[in-house]
Each structure stands twice: as structure tokens, then as C-alpha cells.
Amino acid sequence: MFGWLNKNRGAALAGQDIIPVIAIDGPSGSGKGTISRRVARTLGYHLLDSGALYRLVALAAEDACSSLQNTECLQDLARKLDVRFEASDTGKERVWLGGQDVTERLRTEETGAGASIVAQIPAVREALLDRQKEFRKPPGLVADGRDMGSQVFPDATLKIYLTASAEERAKRRYKQLKDKGLDVSLAALSRDIENRDRRDSERTLAPLKPAMDARLLDTTGQSIEAVTKTVLDWVAEL
Ligand code: DC
């Protein structure tokens, strides 16, 4: 089925440049995290959750920097980030920052908002660039983020931009948080999503927008299984 991938496995081992990358970008709540994890697992590829790196900088800054405006401190943190991603039995990985398990703190709305603020700072983006590129290892990589296809892996084998209506994205996030037993309001979540979309889209460096050669995939009203299948079908066509 994935003939192209097998054909290129040997070549991929020979040089970094041709290790396949499937770049999956899109706004928060578009389903990129879930879809990327499933696609990576099916293909046996590595996974880069680039948003987690920005979230980690925001988290580390809570202790180390006086504010999220302290560019020098944030850049230094981003360069030295002592992070470990550890696979767990449940299939969801645990994340360690400087020896502390931050898996749950990493996923809060507050950390997401902090990540979106530090992600506006060019020095932080620059400091995280090489770290992201290091995830490109044989047999291949699924990279999830905002600028995977446009900036970090412009030569990606396949670029996908996932979207969904703002209303549906807020509802998905609401369900996720409710399922975790958290008390949240749909109206507040919709506002947060709008603010985050605006900040991520309007920043000057690497704004959230589809790469010129990305395939658009609107996931509104589609199941996780259906979206995963579409992506895998596109991979198989390569
Ligand atoms: O995907 P996420 O919700 O974990 O991302 C958190 C924030 O990090 C997001 O609002 C913007 C920023 N981000 C980014 O600027 N570039 C990326 N490649 C990934 C995330």
C-alpha cells in the first residue's frame, strides 16, 4: 500500500534530506494532534508535536523568567530546554521538564495561551528551529504544528493544512476538558480559541497559514477515522 515509502526507505537512510516528512499544520482544535499521532503510529514514523516545545518554554518561563515579555530569558530557556518525551503503556507519552513530570500542566488552556504568546517572539522560534529539525530521523517523521510545511520542513514530502469551523473546534475542546472532569464554559473556550487564532495568524514571523503547496482538509463534521483515512490515502498516492 505504501510502496513509495518502502522504495525510499533505503534512500532515506542514506541522507537526512530525503527522510520523508508529513507536515500537518492547522489552528488549535483542528484535530492535528490526534490525526498526527494515528498517522505516525500506522506508518511507524517518529512524531514531532512542535506545540509542546512552545508550551514547554511557556511553562519553564513561569519559574525562570520575570515575564513572558522577557525576550532574552525566553530565548535562553528555549535554547537550553531540558526535556524528555517518554512513551507510556497507554500510548500517550509523558513529558519531563528538568526532571519534573509536566504532562498534565502542559495541556492546560493557560499553558496553551502562554505558548501562543512566547511563539510570537522571533528569538524563541529561532532557538527552537534546530531542535525541531532533529526529529527528522529514519524511517520518517510526522510533524504537527503551525509552520511545519511553511518554515521548519519546507521540503516536506506531503503538506496538509487541517481546518474546522471555530464553533466545532471550541466544542471539541469543551468535550475534551469535560471528559477530564474540568469545569469549563463553551463561551469562554470560544473566546480563547478566537484570541489564539488571531495571535497565531497575525504575528509577523511564521504566521499560521497554509503553505503554498499544502493540501487543505476541512475536518468539520468528520470523524477521526475518516480524516486519518484521507491522510493515509494521500500518503499512499505519493
Ligand atoms: O498546537 P498547540 O496548541 O500545542 O500549540 C500551542 C501554541 O504554540 C500555539 O497557539 C501557537 C504555538 N505554536 C507555534 O507558533 N508554532 C508551532 N509550530 C506550534 C505551536
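Counting starts at 1 for both ligands and their atoms, in listed order.
Heavy atoms from both the backbone and the side chain of Arg146 come within less than 4.0 Å of ligand 1. At a heavy-atom distance under 4.0 Å, no atom of Gln151 approaches ligand 1.
For Glu126 (side chain) and Pro122 (main-chain N/O), no donor-acceptor pair under 3.5 Å exists by modelled atom type. Side chain of Arg136 to main chain of Phe153: no donor-acceptor pair is present (N/O by atom type, distance under 3.5 Å, no hydrogens or angles). No donor-acceptor pair closer than 3.5 Å links the side chain of Asp49 to the backbone N or O of Gly33. Checking side-chain atoms of Arg125 against main-chain N and O of Ala119 turns up a donor-acceptor pair under 3.5 Å.
To the nearest 0.5 Å, atom CG of residue Leu182 and atom CD of residue Glu109 are 9.0 Å apart.
Partner Lys171 forms a side chain to side chain contact (heavy atoms under 4.5 Å, CB included) with one of Arg169, Glu167, Arg173 and no other, that one being Glu167.
Between Glu225 and Lys229 there is no salt bridge, since no side-chain nitrogen of the basic residue lies less than 4.0 Å from a carboxylate oxygen of the acidic one.
Each of the following atoms of ligand 1 lies closer than 4.0 Å to a heavy atom of Met148: 18 (N). When each atom of ligand 1 is checked for a heavy atom of Arg55 under 4.0 Å away, the hits are 2 (P), 3 (O), 4 (O), 6 (C). Taking every non-hydrogen atom of Ala119 and a distance limit under 4.0 Å, the qualifying atoms of ligand 1 come out as 12 (C), 15 (O). Close contacts between ligand 1 and Lys32 involve ligand atoms 1 (O) [criterion: under 4.0 Å to a heavy atom]. Shown in contact with Asp200 at under 4.0 Å from a heavy atom are these atoms of ligand 1, numbered in order with element: 9 (C), 10 (O), 11 (C). Heavy-atom contacts of Ala115 reach the following atoms of ligand 1: 6 (C), 7 (C), 8 (O) (cutoff under 4.0 Å).
Take Thr108 and apply the side chain to side chain donor-acceptor pair (under 3.5 Å) test, not counting sequence neighbours, and it matches Thr111. Tyr161 meets the side chain to side chain donor-acceptor pair (under 3.5 Å) test with no other residue; sequence neighbours excluded.
Scanning all protein heavy atoms for the shortest distance to atom 19 (C) of ligand 1 gives Ser50 OG, 3.4 Å. Nearest protein heavy-atom neighbour of atom 6 (C) of ligand 1: Arg196 NH1, 3.5 Å. Counting protein heavy atoms only, atom 20 (C) of ligand 1 is closest to Gly51 CA, 3.5 Å.
Considering backbone and side-chain atoms together, Asp147 places an N or O closer than 3.5 Å to an N or O of ligand 1. For the pair Arg203 and ligand 1, the shortest N or O to N or O distance falls below 3.5 Å.
Ligand 1 has no atom lying under 4.0 Å from any heavy atom of Arg199. Within the 4.0 Å heavy-atom shell around ligand 1 one finds Arg125.
Surrounding CD of Glu86 are more than 12 heavy atoms belonging to other residues, nucleotides or ligands, all under 6.0 Å away.
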